[in-house]
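Quick notes on the structure that follows.
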Amino acid sequence: MKPQDYSRGRNNANAQQAFSIIAGSVDSMRQKVLDQIDGLKSTQEIAEVIGVPLHKVSGRFSELKAKNKIIQITSKKIGNSHFAVFSKNNI
């Protein structure tokens, strides 16, 4: 039996099953992120306020940006790293 490569494709059965488990929490987390965006806090600071690591919410910033709900206005240096600062898009 050939082993399945789970890294190939986003629509394989494994990916669909995993997404169905977290689907409800994605919408909730997206709203929490949007509520924290104020044009002052960086992505790292928002993650800290929400109480999760940045990698758990970085996709929500990308989704909101793709939907034109937020725009990046600057970046903020924290330690040796730069983090994006977003503002709500008032279109």
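Side chains are part of it too, since the values below use all heavy atoms of this structure and drop only hydrogens, waters and symmetry mates.
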Heavy-atom closest contact (I73 atom, S87 atom, distance): CG2-CB, 3.7 Å
dist K67:NZ -> S62:OG (nearest 0.5 Å) comes out at 12.0 Å
The criterion is salt bridge (charged side-chain N to carboxylate O under 4.0 Å, His left out); which residues satisfy it with D35, sequence neighbours excluded? none
Take F86 and I71 through the side chain to side chain contact (heavy atoms under 4.5 Å, CB included) test and state the conclusion after the steps. CA-CA 5 Å; F86 289 96; I71 55 172; 5.7 Å; no
How would you list all residue pairs meeting ring pair (Phe, Tyr, Trp, His ring centres under 6.0 Å) that involve residues 36-57, not counting sequence neighbours? none
Which heavy-atom pair separates I70 from L34 by the least distance, and what is that distance? CG2-CD1, 3.9 Å
Across all chains, not counting sequence neighbours, the side-chain hydrogen bond (donor to acceptor under 3.5 Å, both in side chains) partners of E63 are R30, R60
Output for pair (K88 NZ, N68 CG), nearest 0.5 Å, gives 15.5 Å
With a cut-off of 6.0 Å (strictly less than), are more than 12 heavy atoms of other residues, nucleotides or ligands near NZ of K41? yes
Smallest separation among heavy atoms of A47 and P53, with atom names: CB-C, 4.2 Å
Between the CG atom in D27 and the NZ atom in K32, the distance rounded to the nearest 0.5 Å is 12.0 Å
Sorted by chain and number, sequence neighbours left out, side chain to side chain contact (heavy atoms under 4.5 Å, CB included) with V52 holds for M29, I50, K56, V57
Heavy-atom pair with the smallest gap, counting every atom of V33 and L64: CG1-CD1, 3.9 Å
Which atom pairs, one a donor and one an acceptor, fall under 3.5 Å between side chains of residues 76-85 and the rest of the protein, sequence neighbours left out?
residue: K76; atom: NZ; partner: L40; partner atom: O; Å: 2.9
residue: K76; atom: NZ; partner: E45; partner atom: OE1; Å: 3.0
residue: K76; atom: NZ; partner: E45; partner atom: OE2; Å: 3.4

